[in-house]
Amino acid sequence: MAVTREAMLEQWEHLSRRPGPMVRDVLWGLLVAAGSGYAWLLYRPYMDGYEVAIQIGGTLALIAWGLYWKPARLFTLAVTTLTVLALWRYGADFELRKSDFLLKYFLESQAAFMWMSLLYVLATATYFAALFGRSEFAGATATALTWSATVMGLTGLLVRWRESYLLGADIGHIPVSNLYEVFILFALITALLYLFYEDRYRTRAMGGFVLLIISAAVGFLLWYTFDRQAHHIQPLIPALQSYWMKIHVPANFIGYGAFALAAMLGVAYLSRARAETRRPHGLLARALPPLELLDEVMYKAIALGFAAFTIATILGALWAAEAWGGYWSWDPKETWALIVWLNYAAWLHLRLTKGWRGAPMAWWAVIGLFVTLFAFLGVNMFLSGLHSYGSL
Amino acid sequence: MNDNTACKLPRRRTLGWVLLEFFGSMNLAITLLVVIAIASIIGTVLQQNQPYPDYVLKFGPFWFEVFRGLGLYDVYGAGWFIGILAFLIVSTSVCLYRQTPAMLRDMSRFRTQVQVRSLRGFHQCAEWRLPDRDPEAALAEVTDALRVHGYRWRVRDHGDHRVAAAMKGRCNRLGYLFTHAAVVVIGVGGLLDGNLWLKLKEWRGEIALETRDLAARDIPPASRLQPGAVPAFRGNVMLPEGAAANFVFLRLRDGYLLQELPFAIELRDFQVDYYDTGQPKSFASQVRIHDREHLGDQPLEATIRVNHPLTYRGHAIYQSDFGDGGSKLELRAWPLSGARREPVEIKGEVGGALKLTGPAGPLTLELDEFRLFNLLPEPDARPGDRKFRNFGPSVGFKLRDAAGEAREYLNYMTPVQLEGRWFYISGARSRPGDAFSFLHIPVDARNSPERFLRFNARLRDEDWLRNLLERSAPAGESPDFRRDLNLVRLNLVGLFAQGGFAAVSEKAKAVVPADRLREATALYLNILRDTLAEIFVEVLREEEVDVERNIGEGEEAFFNDAVSALAALPNYGTPFYLQLTGFQQVEASGLQVTHSRGTAVVYAGFAFLVTGIFIMFYTSHRRLWAWLAVEDGATRLVLAGAGNRRQTEFAREFAGLQTALARRLGPPEPSAVAVPAAEPPPPNAPVTGATAPHRSTL
């Protein structure tokens, strides 16, 4: 270790420095609270008790998110600004999406999703270029592209939320009600989770791998839009008209996103492990992030995914108790959620108590993605049951 | 949890010990998790709780019995599946029983017995040589820093050295207890709410499944459950508007039981609301709960909607289904097979059966269903276009002949526009699983199927036909030729009416040599077509249409559609076309009533589970040791520590602690500082090497 004592001290200083000035934290909290308060004044007459509770919870969660992770603030501000801009352009006329320049080409939900798609695909390529070209600049560009894509995607979802109300007051609903909408949610959440780990671990080497699965989701989304015309806003069937949807679905997708992220890190892990044995001095073996790092982030992602998925499944059970006559009906979707849960429970047991590491766990994480994917997509495609609103 | 946590169990290999060892083993637990996951798949691939005849059709009699024996039609209620779940509960309980004391000990004990050698083996370790401080003073500095970092500690004097053992985040151990207790609690609660009680009663012979189709009052006592007979059930009842019931049916395997309720539910009204697009917006039942004991003469009024159940006396009542409660239908039966043209008016009720007389003997008309709306994909849309159209009211019925053979029909009440033209649509099929093949009856100027039906009847009216053909035969030909031609024309029309175009070409095949077949068939078809056109024009004349002036594209299109429909009639397979002319809808609401005592238990388990998981992943039980002794006239301080989770954060905290101590005591000895990493980390990078846990400290 050729590290001087001074350097080490400096590093310790750096590591132990207090996070951010207090003033900004307070300002952030006040800003979010003010925004939320304004929305509350505006929409109070239309909200029931549960929705008020969800709003308060959401506000606190957003404040906490920004305190815990600084980039979330700028992200929130950007999304808010663009969304408000879009709502202002819209007014109360849905047809403006075809004529207003800003809406038609940037902010109307379909336009925003197209931007999101383009930017994610560009980001994927740029991450790989940065990885193999060892270019710091390309890496920074890739990060910026991913952030921009995520901003456009979330803006698109929020605008779509509004658009559904413009379409008809009784049609309006949060855009997490069908496969098309949740695929966007999946891309966004996976990207945000990735950006978080990129920031915390100060490495962009994982980016290309994670963005691959996001690009795959984007590919599906484009097919789904252009071939199946799935992007039209549909009114909610009675079974989905519940405040539970607002929390059950996003919680689920934190789980799915985290598991997908872990699986892609598993792929990166296996690629590097293979490269190290085959060509130890090759480009891959040098360029990919170190195995320990991949292993640790993989564990963190699965732990986070497991926690979120547990909450999501419990929320689903509570919802089912209100909609289907019982908290558990062994409906195929429920059962597959249980299978996913058991699968990662076994993974975590092996890692935490048996101390398993390395390639087997990476393989398992990759296989876990297929199990997750089946629970997410396969059930809707191949099996019938109560969750029949996501069919292709 | 961790196999190596000290377990103070007797060393003797008694049976109890062996069992405990087996049930509590991690390997068994992981195996069970995987086995349950795999077993669960079965029930998602094979549709559960379907009527048994469907399974027989699907698998054949042999495999049907095999699968039934394995309980695959209700996997999640099968003994073996519940057995595995119970196994998991037992295994987790044993694990809890064995680990809890150790965990609690671990939470409360400071480990002051520690060797300096093992401390030096820690990833996080730093050493100071302090010539100008005695151990007492150094210890004071250390404990001060520990306090700042939120640690609690115990100091022990071992004579030649002292050890300060510190820890924090011990509640992490509660994470283990909470999550594993949660699995047991949820499992037990779930079993309480399952079919276990019914199975028990069945096994003890107290109840017997009813498999016959009986009215509720005829169900024998052996298949009835009194209120409170089982702590949990989930049953269904279908109530027509205006009816009431104080029971629900519990479906079980290939039969059912009747569960009596301590109150009665009356359905006053069932309503379906629709969006402008025609998709259903809400299903709502207005009900009255009658309960003399608790409500007196004042029934409870309530509205039950999807997502908004009514809870009454521990019973939750859900909107789960809807159907027909015996809608009154008015039908017009147009004869299709004979020369008779006058329709017969029929009145019936959905669910009822009517006797009709067909040309080939008596027929039973079973009115199966009535639907007010039929929102179906646009017929000429591309797949995935997601365009829907409301096809209006429809009636589904069966026509059963004397031998019991039935054909199933689906008739729409209002005409449907297809490719710019309007049709009455009727689907027919001979087996329940098949797709309907549709008959498209063109609609006449008065918006009725009458013109087509008259056209059809005329084809079958031999005298009328003969008469027409006589009149219309080409003039100037010999009477013999005219007679022959008319005979051919009559025969062709007869063949066509009986068997469509296929019958005509069959006939041609039978009478014409093969080398002239194609030619002859074309000729036959031409003659047939001309004849049909003549008949059609005559039908129009009968309608008093001025055929010399008024025949245009519309009539031509009608004629072509009519011929297509006539050609399809032989396969339609009924002597009637039933036109739905009027209805009075009576709806029925499917209500599900559940009673589950285990819910509170399960929800408590949920709370434990979430709390436990967060504690487990996001807190860390951290231990630090400061070992102090006098060596070569100077105080030697060894600081080391480990956490059981979140190694990166611990590494960061340890570094902070080191910095704090460096400020008080001066920098540590560089050589002893362990910052292990594969490559030099970038600034602010996590110390990745710290991920491997120290098993000795877990």
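Every chain is numbered from 1, with letters handed out A, B, ... down the list of sequences.
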Toward chain B, the part of [X] with a non-hydrogen atom under 4.5 Å:
{"X": "A:W330", "value": "both"}
{"X": "A:W341", "value": "side chain"}
{"X": "A:S242", "value": "both"}
{"X": "A:D170", "value": "both"}
{"X": "A:L236", "value": "both"}

So which part of [X] gets closer than 4.5 Å to some heavy atom of chain A, the side chain, the backbone, both or neither?
{"X": "B:F606", "result": "both"}
{"X": "B:I38", "result": "neither"}
{"X": "B:T599", "result": "both"}
{"X": "B:I36", "result": "both"}
{"X": "B:S320", "result": "neither"}

Item to check | Any A:M245 side-chain heavy atom under 4.5 Å of A:W319 side chain | outcome: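 A:M245 vs A:W319: side chains touch.
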Are a donor atom and an acceptor atom from the side chains of [X] and [Y] found within less than 3.5 Å of each other?
{"X": "A:W324", "Y": "A:D331", "value": "no"}
{"X": "B:N172", "Y": "B:N644", "value": "yes"}
{"X": "A:W328", "Y": "B:D193", "value": "no"}

If you tally heavy-atom pairs under 4.5 Å against chain A, which of [options] wins?
{"options": "B:I41, B:I317, B:V34", "result": "B:I41"}
{"options": "B:L33, B:I613, B:N307, B:V306", "result": "B:N307"}
{"options": "B:R234, B:Q48, B:Q592", "result": "B:R234"}
{"options": "B:A660, B:P280, B:A316", "result": "B:P280"}
{"options": "B:L657, B:L32, B:V602", "result": "B:V602"}
{"options": "B:F614, B:Y275, B:Y603", "result": "B:Y275"}

Checklist entry - Atom OG in B:S91, atom NE2 in B:H180: separation rounded to 0.5 Å? => result 9.0 Å
Next on the checklist: Do A:R200 and A:Y68 form a cation-pi contact, if we require the NZ or CZ to be under 6.0 Å from the six-membered ring centre and within 45 degrees of the ring's axis?
Outcome noted: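 Yes; both conditions hold, so A:R200 lies above the ring face of A:Y68.
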Checklist entry - Which residues satisfy the side-chain contact (heavy atoms from CB on, under 4.5 Å) test with B:V601, sequence neighbours excluded? => result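 Testing B:V601 for side-chain contact (heavy atoms from CB on, under 4.5 Å), a comparison that skips the adjacent residues, returns B:V185.
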Under 4.5 Å, counting heavy-atom pairs only, tell me which of [options] racks up the most with chain B.
{"options": "A:V371, A:N343, A:L348", "answer": "A:L348"}
{"options": "A:V340, A:L318, A:T203, A:T313", "answer": "A:L318"}
{"options": "A:A346, A:G168, A:A345, A:A303", "answer": "A:A303"}

Item to check | Under 3.5 Å donor-acceptor, B:H315 side chain and B:T594 backbone | outcome: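 Flag not set: sc B:H315 to bb B:T594 has no pair under 3.5 Å.
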Checklist entry - Charged N to carboxylate O below 4.0 Å: is that the case for A:R351 and A:D295? => result yes
Checklist entry - Could A:R204 and A:E136 be called an ion pair, given the rule that one side-chain N must be under 4.0 Å from one carboxylate O? => result yes
Checklist entry - Do the rings of B:F617 and A:Y299 sit parallel, tilted or perpendicular, given the 30° and 60° boundaries? => result perpendicular
Next on the checklist: I'd like to check the ring pair (Phe, Tyr, Trp, His ring centres under 6.0 Å) partners of B:F178; sequence neighbours left out, ordered by chain and number.
Outcome noted: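 Scan of B:F178 (ring pair (Phe, Tyr, Trp, His ring centres under 6.0 Å), adjacent residues dropped) gives B:F608.
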